[in-house]
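Quick note on labels: first sequence line is chain A, next is B, and so on, each numbered from 1. Just the heavy atoms: all of them, side chains too, but no hydrogens, waters or symmetry mates, feed the values below.
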There are 2 protein chains.
Amino acid sequence: MVYHMKKVKSALRSHCPVNFGLEAIGDRWALLILRDMVFRGKRSYGEFLKSEEGFATNILASRLEHLIEAGILRREGDGMDGRKAVYSLTEKGLDLIPLLFELVLWSAKHDGKSEAKRIPRLVDLIRKDNRGISREVREKVKRGEGIAPDYLA
Amino acid sequence: MVYHMKKVKSALRSHCPVNFGLEAIGDRWALLILRDMVFRGKRSYGEFLKSEEGFATNILASRLEHLIEAGILRREGDGMDGRKAVYSLTEKGLDLIPLLFELVLWSAKHDGKSEAKRIPRLVDLIRKDNRGISREVREKVKRGEGIAPDYLA
DNA sequence: CCAATTAGCTTGCAAAATGCAAGTGAAAAC
DNA sequence: GTTTTCACTTGCATTTTGCAAGCTAATTGG
């Protein structure tokens, strides 16, 4: 008897920690979703779609699904509006904040035209104490605040 | 007059630091090349090919090219053997070590079967002081040593 | 209460990227 | 001088992407 079962994409190529992390995250688009959530406080499909890099609708849907599958995001319905879906970061997802911050730091150093120049305060805090600032930001993101304006200015 | 110029892939979607970093690195395969260089001390096309995740030959070539283009790697001929090419990390590439380490830390925490369990000492050092250990490893990688056995055991 | 709008997707399809096997060319080994 | 080795390149079937259009259920506006 054949049961209907969801295709599990557990064909992990290796348990090398670098490879595991890369496969869990998925790809570039997935990390941009995380960026939108952490830095811009976005929570919905419609908000992600407006990102400057331009998500294709199907790609956005598939990456959201992947991130949920990977346990990085969770999806809930909006109590007020039955059409809306609210995405949020799990603890596992929140744990990616320090990684995201290291990437910001690298780009701030190596991209002459980096927009990181507009947030020197945050970049400096990351440089001095990534873990510390990550912990603070984590709590804000958890409360749905995104990164507070005082870090960004 | 038309000069012959290499196609510059500067169609950068945005100068958002997260996006810049992602585009500079390229993709999953590119980061695995960096892992092989930092953790396993690999330097040549043939060595990369043997990686457990299984590079396709054309993909490996295109990612090496991309990383050179991005200023993360450099390619030199081997003085002893005219067939061989030696790849090494630029300063810009070495600056990615802390990012790689954060990824290792994340996977060590969230992958039950992580091979990171075989290198508890290094994982612990990263957790306590990513920057510090990155600085040390950087010098070793620069000298072509890869990560020293004492960190790995 | 009914038409129009909105949110979140899905589908179709052309174009691009991937993965595998086989081939190439130059240098080194035997 | 024949065989290997090294670093790729090429061909081609398969998969993934990107874009536009369509779909469905919930909500808003009149």
Side-chain angles (χ1 to χ4, degrees), chain A residues 6-14 19 22-23 25-33 36-37 40-70 73-88, chain B residues 6-14 19 22-23 25-33 36-37 40-70 73-88:
Chain A
K6 189 155 193 179
K7 187 176 64 179
V8 178
K9 191 185 171 185
S10 68
L12 195 57
R13 280 167 202 259
S14 83
N19 185 63
L22 291 172
E23 296 204 27
I25 293 169
D27 74 347
R28 166 183 152 60
W29 293 113
L31 213 69
L32 289 177
I33 291 173
D36 281 350
M37 298 185 79
R40 323 218 197 294
K42 295 185 183 178
R43 307 264 105 117
S44 68
Y45 184 91
E47 287 176 305
F48 297 133
L49 258 195
K50 289 178 203 146
S51 297
E52 55 184 340
E53 289 88 3
F55 283 97
T57 56
N58 53 344
I59 303 296
L60 175 56
S62 86
R63 293 313 180 274
L64 285 169
E65 192 186 343
H66 171 86
L67 287 169
I68 289 166
E69 192 83 16
L73 295 189
R74 108 189 94 231
R75 198 198 116 117
E76 293 161 304
D78 183 317
M80 298 291 97
D81 186 338
R83 295 168 302 176
K84 276 202 162 181
V86 178
Y87 294 91
S88 57
Chain B
K6 185 149 197 185
K7 185 176 65 176
V8 178
K9 190 185 170 186
S10 68
L12 196 58
R13 279 168 203 257
S14 82
N19 185 64
L22 291 172
E23 296 206 24
I25 293 169
D27 73 348
R28 163 183 155 60
W29 294 112
L31 213 69
L32 289 177
I33 291 172
D36 282 349
M37 299 185 79
R40 322 217 196 294
K42 296 186 183 178
R43 306 264 106 115
S44 68
Y45 182 90
E47 288 176 304
F48 297 132
L49 258 195
K50 288 176 205 149
S51 297
E52 55 185 339
E53 289 87 4
F55 283 98
T57 56
N58 53 345
I59 302 295
L60 174 56
S62 87
R63 294 312 180 275
L64 285 168
E65 192 186 344
H66 171 86
L67 287 169
I68 289 166
E69 192 82 16
L73 295 189
R74 111 189 92 230
R75 197 199 116 117
E76 292 161 304
D78 181 318
M80 298 292 97
D81 186 337
R83 295 167 303 177
K84 275 202 162 182
V86 178
Y87 294 91
S88 58

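With rounding to whole Å, L32(B) atom CG is found 16 Å from dG19(C) atom C1'. Spacing between atom CG of D27(A) and atom P of dT15(D) amounts to 19 Å, rounded to whole angstrom units. The distance from atom CD1 of I59(A) to atom C1' of dA15(C) is 13 Å, rounded to the nearest whole Å. As rounded to whole Å, 14 Å separates atom P of dA7(D) from atom CG of L73(B). Nucleotide dT6(C) holds its P atom 12 Å from the CG atom of D81(A), rounded to whole Å. One can place CE of M80(A) at 22 Å from P of dA25(D), the figure rounded to the nearest angstrom.
Side-chain atoms of R83(A) and base atoms of dT27(D) include no donor and acceptor less than 3.5 Å apart.
Side chain of R28(A) to backbone of L22(B): no donor-acceptor contact under 3.5 angstrom is found. Between the side chain of D78(B) and the backbone N or O of K84(B), no donor-acceptor pair lies under 3.5 Å. The backbone N or O of N19(A) lies less than 3.5 Å from no partner atom in the side chain of E23(A), so there is not a single donor-acceptor pair. The backbone N or O of T57(A) lies less than 3.5 Å from a partner atom in the side chain of Y45(A), making a donor-acceptor pair.
Within the 4.0 Å cut-off from OP1 or OP2 of dG18(D), at least one side-chain nitrogen or oxygen of R13(B) is found. Close to dC8(D), at under 4.0 Å from its OP1 or OP2, lies a side-chain N or O of R75(B). Dashed line: the shortest gap from a side-chain N or O of R28(B) to OP1 or OP2 of dT18(C) is not under 4.0 Å. Residue W29(A) places at least one side-chain N or O under 4.0 Å from the OP1 or OP2 atom of dG18(D).
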Close N/O contacts between protein and nucleotides 1-4 of chain C (under 3.5 Å):
none

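Closest approach to the A61(A) side chain among dA28(C), dA21(C), dC9(C) is made by dC9(C) (side chain taken as heavy atoms from C-beta onward). Relative to the side chain of Y87(A), the nucleotides dC20(C), dC19(D), dC9(C) differ in distance, and dC9(C) lies closest. Closest approach to the N58(B) side chain among dC20(C), dG8(C), dT18(C) is made by dC20(C) (side chain taken as heavy atoms from C-beta onward).
Rounding to the nearest 0.5 Å gives a distance of 6.5 Å between OG of S44(A) and NZ of K50(A).
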Exercise. Apply the test side chain to side chain contact (heavy atoms under 4.5 Å, CB included) to residues L32(A) and R63(A): give CA-CA distance (whole Å), side-chain angles for both, the deciding distance (0.1 Å), then the verdict.
Key: CA-CA 10 Å; L32(A) 289 177; R63(A) 293 313 180 274; over 6 Å; no

Self-check item: From CA spacing to verdict: side chain to side chain contact (heavy atoms under 4.5 Å, CB included), W29(B), E53(B)
Solution: CA-CA 9 Å; W29(B) 294 112; E53(B) 289 87 4; 4.1 Å; yes

Quiz item: Yes or no on side chain to side chain contact (heavy atoms under 4.5 Å, CB included) for L64(A) and F48(A), after CA distance, side-chain angles and deciding distance?
Solution: CA-CA 10 Å; L64(A) 285 169; F48(A) 297 133; 3.9 Å; yes

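Of the residues in residues 43-55 of chain A, those placing a heavy atom less than 4.0 Å from an atom of DNA chain C are S44(A), Y45(A), G46(A), in numerical order.
Shown here for E76(A) and S88(A), the closest heavy-atom pair between the two residues is OE1-OG, 3.9 Å.
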